[in-house]
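Structure, as structure tokens:
Below, read A as the first sequence line, B as the second, and so on, with proteins coming before strands; counting in each chain starts at 1.
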There are 2 protein chains.
Amino acid sequence: MFQPVCGVNFKLKKETIPQDCMAQKPSIPKGTRDFNPAEVAKRNYIFDVIKTEFKKFGFQPIETPSFENSDTLMGKYGEEGDRLIFKILNSGDFLKKADNEAYEKRDSLKITSSISEKALRYDLTVPFARYVVQHQNEIDFPFKRYQIQPVWRADRPQKGRFREFFQCDADVVGSKSLWQEVEFVQLYDAVFSALKLEGVTIKINNRKVLSGFAEVIGEKDKLIDFTVALDKLDKIGEEGVKKEMLQKGISETAIEKIQPIFGLHGNFTEKIAGIKEILSSSETGMEGIKELEFVEKAIQEMPLKTAKLDLDVTLARGLNYYTGAIFEVSAPENVKMGSIGGGGRYDDLTGIFGLKDMSGVGISFGLDRIYLVLEELNLFPEAVTQNTKALFINFGDKEALYALKAVNKLRNESVIAELFPDAAKMKKQMNYANKREIPFVILAGEEEMEAEKFTLKNMKSGEQQKVDFAELVKVLR
Amino acid sequence: MFQPVCGVNFKLKKETIPQDCMAQKPSIPKGTRDFNPAEVAKRNYIFDVIKTEFKKFGFQPIETPSFENSDTLMGKYGEEGDRLIFKILNSGDFLKKADNEAYEKRDSLKITSSISEKALRYDLTVPFARYVVQHQNEIDFPFKRYQIQPVWRADRPQKGRFREFFQCDADVVGSKSLWQEVEFVQLYDAVFSALKLEGVTIKINNRKVLSGFAEVIGEKDKLIDFTVALDKLDKIGEEGVKKEMLQKGISETAIEKIQPIFGLHGNFTEKIAGIKEILSSSETGMEGIKELEFVEKAIQEMPLKTAKLDLDVTLARGLNYYTGAIFEVSAPENVKMGSIGGGGRYDDLTGIFGLKDMSGVGISFGLDRIYLVLEELNLFPEAVTQNTKALFINFGDKEALYALKAVNKLRNESVIAELFPDAAKMKKQMNYANKREIPFVILAGEEEMEAEKFTLKNMKSGEQQKVDFAELVKVLR
């Protein structure tokens, strides 16, 4: 549905072309990206590996619309989140229905809901919750779904942060079984092993352990401040964490009580022993430990392929909504990269849409960061970006027909071959093959046609040989 | 980044939950769709087949952002198109920069560009043109790209017309060679043959033939009205077409001159002979015939697998921007469905963005309609929607561990198996397997564990057998 305005297709006289159509310098909105063929191929490689493992683990794909009704999204991500949601302007005479008071006051914030009814998806979790509630009668619970779709955020773009990016989520909703936590650890291991990204660490924690800490130090109502500060241990160190806790009004005595947290070391079991001492008086805390031990024990029984499971009691993921397990995956130690995945359990996923008591647990893969890690470690298989295997040189219509017949037969053998579309100068055609890194060029002129042969040139070695079709297939396959 | 507002995750007291958070009845915007697992699987089947053939033909994937700068899109699709483009509201205090005059007059149309700088992609052609110009120095021409991404249109939703839908486009830019037209016919044939959708008709026409008609009847300046009317022959019949032409000011004498068009019949060659007589005095028209003959001759030399190539001189696709070949694919005759694909050549694809003389030719596949046709003809392979092959019944933690170990080993053998997460009542677990149409259920209690066996139950036949792991793999694979 592409119509010729601005002289795109009609040969309008120059002076009749509207001014703003001339020499428009093309660009894309900040924070968005074009992906070229090599990039798409590499991204698809990651998607395909993730999808394959998702499926093996019994997850099923769903897709939801790119935009939702605004009231589905607004108020779900906090005030800051609301601000970062991209709103879609109503169609037609949208000002007609604009809120009069807001209009008079020129109040952008207040007017928004009256001129915009739809908004771009901000994550996949809220749309999933909406989906589950809307389709609850068609769904067999527990429902294991995966979803790989773009999301949009009006964040300030910066290195590695985009306004459009893909999320890859797998969640189970409708069961509180800890076997699911076990399986998510295995799923992380399966995906990163399949990507040949060995040596990732799957860090696990439990919200109940964090609650237990707050409880035993007598700061139950400062749980959020407490966990937010503790979560920063990696970045600001022990002193920094303590300073922030003090600033937030957590007493020195309280901080002293959790001192052992900073001294935790050793393996999973040893760390568990360490926090058991701290949490012995907290029922919630001990519950959290029991859950962590369940997962750890199961993984000991079924060793991971290449990943390592570790306990990180500081892990809170800056988020306050996990109610049980909390996961985060960090790249191998030799790569400087934040987390490449994360997730956890949230006990009331769908309550907001009126469906109570639906526990959910899920994990997410950070595509863009995984991409950067694979790139840095040179882990993309070479075949991923390979495409056309052979280019037939075009010597004119008669030869082109001979070539295209061979091209067709090669395609039936799943060999990707192309005919250069124009009978251009030899040099131009060879250059094209070179630039596109097509490994073989095939020359077939009158002589070859008569003998039903092809001259096959290896672009790397420069070697040439005359072959028949069967041999051609053999070399190219 | 899902934060607990509205009591999603925090256990707020009921009275503290904001009113509008209660019992929100979830829905999605009109014209959009949720896709359930079976639907996603079927859609992906079509996408995968199309992608495989695109790749075989040497097309490479690109992806562009979901939203573009408004000036990239606006003015490219006509006034109606501009209206149907979804605009994204600027972030922050957008009214601050609102056009004052438009604000005072409450002029929705005029104010838009001052409060919205970005818009959702309306098709894939304009973004592709923008991409080519922006990245011209990295691209090796001729550039064969494919792109499969959603587009958005604020059209009035109706049966089969959506506000969000996928386009699947393959285009070549940078060559005028007619071999490309030949290859697109072959590509259509390859895709529909791979989908087992036999008997589609690939209709071809040429803009130069249409121009020739207008020329020989002396109505050159009424070309658009003429072709738009002619394009409706299918729907409104000969009399209807003539009536519309008259209404548009095309003279009776002129209409008489093209009378032979309505009487064309026979095969491709016979129809060509028929229009040759009409167009003999038009250089442009004869050029069009030459191009059509080129394609037809090549296809005769390389017969199509299952599709039929036909000449349809009424074909204009309601569009005015094609300059050479025009394609449209219609479903097999026994299915009532409009076109399931279309395309053509446009001589100046990128001129609008300042890059002249880039001829493009491309085709598009109509995913939603192809889906409906495959559904109607029952052509989706059964395997497409199959997922979990076996469900292990959960009898408690000890048995669950035994089961999950087997599940892991099955996954390594690429068999999709699941453990029911909870040690729920047997009936509930069997019901779950039934509803999800999982073909096998595996029971492993104490007895099986001791013997290192599994009781395998075929859910269809009801048969049960005790097997070891090797036999289990054999049956499930």
_At a heavy-atom distance under 4.5 Å, which candidate from B:Arg43, B:Glu39, B:Gln60 has the highest pair count against chain A?_
B:Gln60
*Where on A:Glu63 is there a heavy atom nearer than 4.5 Å to chain B: the side chain, the backbone, both, or neither?*
both
*Checking heavy atoms, do the side chain of A:Phe141, its backbone, both or neither come under 4.5 Å from chain B?*
backbone
_Region of B:Phe420 that comes under 4.5 Å of a non-hydrogen atom in chain A_ = side chain
*Side chain from CB out, backbone as N, CA, C, O: work out which of these in A:Lys144 comes under 4.5 Å of a heavy atom of chain B, or both, or neither.*
side chain
*Pick whichever of B:Ala423, B:Ala41, B:Ala98 has the most heavy-atom pairs under 4.5 Å with chain A.*
B:Ala98
*By a 4.5 Å heavy-atom criterion (distance strictly below it), what part of A:Asn431 contacts chain B: side chain, backbone, both, or neither?*
neither
*Where does B:Gln180 contact chain A at under 4.5 Å (heavy atoms): side chain, backbone, both or neither?*
side chain
*asked:* Which atoms of B:Glu301 are under 4.5 Å from chain A, going by heavy atoms: the side chain, the backbone, both sets, or neither?
replied: both
*Please flag which part of B:Leu391 lies under 4.5 Å from any non-hydrogen atom of chain A: side chain, backbone, both or neither.*
neither
*Please find out if less than 6.0 Å separates the ring center of B:Phe86 from that of B:Phe67.*
no
*Please state whether the side chain, the backbone, both or neither of B:Glu68 comes within less than 4.5 Å of a heavy atom of chain A.*
both
_Heavy-atom cut-off 4.5 Å, strictly under: side chain, backbone, both or neither for B:Val172 against chain A?_
neither
*Among side-chain atoms of A:His135 and B:Asn36, is any donor-acceptor pair under 3.5 angstrom?*
no
*Considering only heavy atoms, which portion of A:Asn408 lies under 4.5 Å from any heavy atom of chain B: side chain, backbone, both, or neither?*
side chain
*Which bit of A:Ala417 is near chain B, if near means a heavy-atom gap under 4.5 Å: side chain, backbone, both or neither?*
backbone
*Could you check which of B:Ser116, B:Ser91, B:Ala400 has the highest count of heavy-atom pairs closer than 4.5 Å to chain A?*
B:Ala400
*Contact part of A:Ile111 toward chain B, heavy-atom cut-off under 4.5 Å: side chain, backbone, both or neither?*
side chain
_Report which part of A:Ile115 has an atom under 4.5 Å of a heavy atom belonging to chain B: side chain, backbone, both, or neither._
side chain
*Please flag which part of B:Asn90 lies under 4.5 Å from any non-hydrogen atom of chain A: side chain, backbone, both or neither.*
neither
*Pick one of side chain, backbone, both or neither for B:Glu183, based on which atoms fall under 4.5 Å of a heavy atom in chain A.*
side chain
*Quick one: does NZ or CZ of A:Arg33 land under 6.0 Å from the six-membered ring centre of A:Phe162, within 45 degrees of the ring axis?*
yes
*Sort A:Leu120 into side chain, backbone, both or neither according to what part of it lies under 4.5 angstrom from a heavy atom of chain B.*
side chain
*Select one option (side chain, backbone, both, neither) describing which atoms of A:Lys305 are under 4.5 Å from chain B's heavy atoms.*
side chain
*asked:* Using heavy-atom distances under 4.5 Å, tell me whether A:Leu109 contacts chain B through its side chain, its backbone, both, or neither.
replied: neither
_Residue B:Thr388 versus chain A: region with a heavy atom under 4.5 Å_ = side chain
*Under a 4.5 Å heavy-atom cut-off, does chain B meet the side chain of A:Phe94, its backbone, both or neither?*
both
*Given that the side chain runs from C-beta out, which part of B:Thr52 has a heavy atom under 4.5 Å from chain A: side chain, backbone, both or neither?*
neither
*Check each atom of B:Lys118 against the heavy atoms of chain A and say whether the ones under 4.5 Å are side chain, backbone, both or neither.*
side chain
*Using non-hydrogen atoms only, which part of A:Ser66 is less than 4.5 Å away from chain B: side chain, backbone, both, or neither?*
both
*With a 4.5 angstrom heavy-atom cut-off, which part of B:Asp34 approaches chain A: side chain, backbone, both or neither?*
both
*By a 4.5 Å heavy-atom criterion (distance strictly below it), what part of A:Asn387 contacts chain B: side chain, backbone, both, or neither?*
side chain
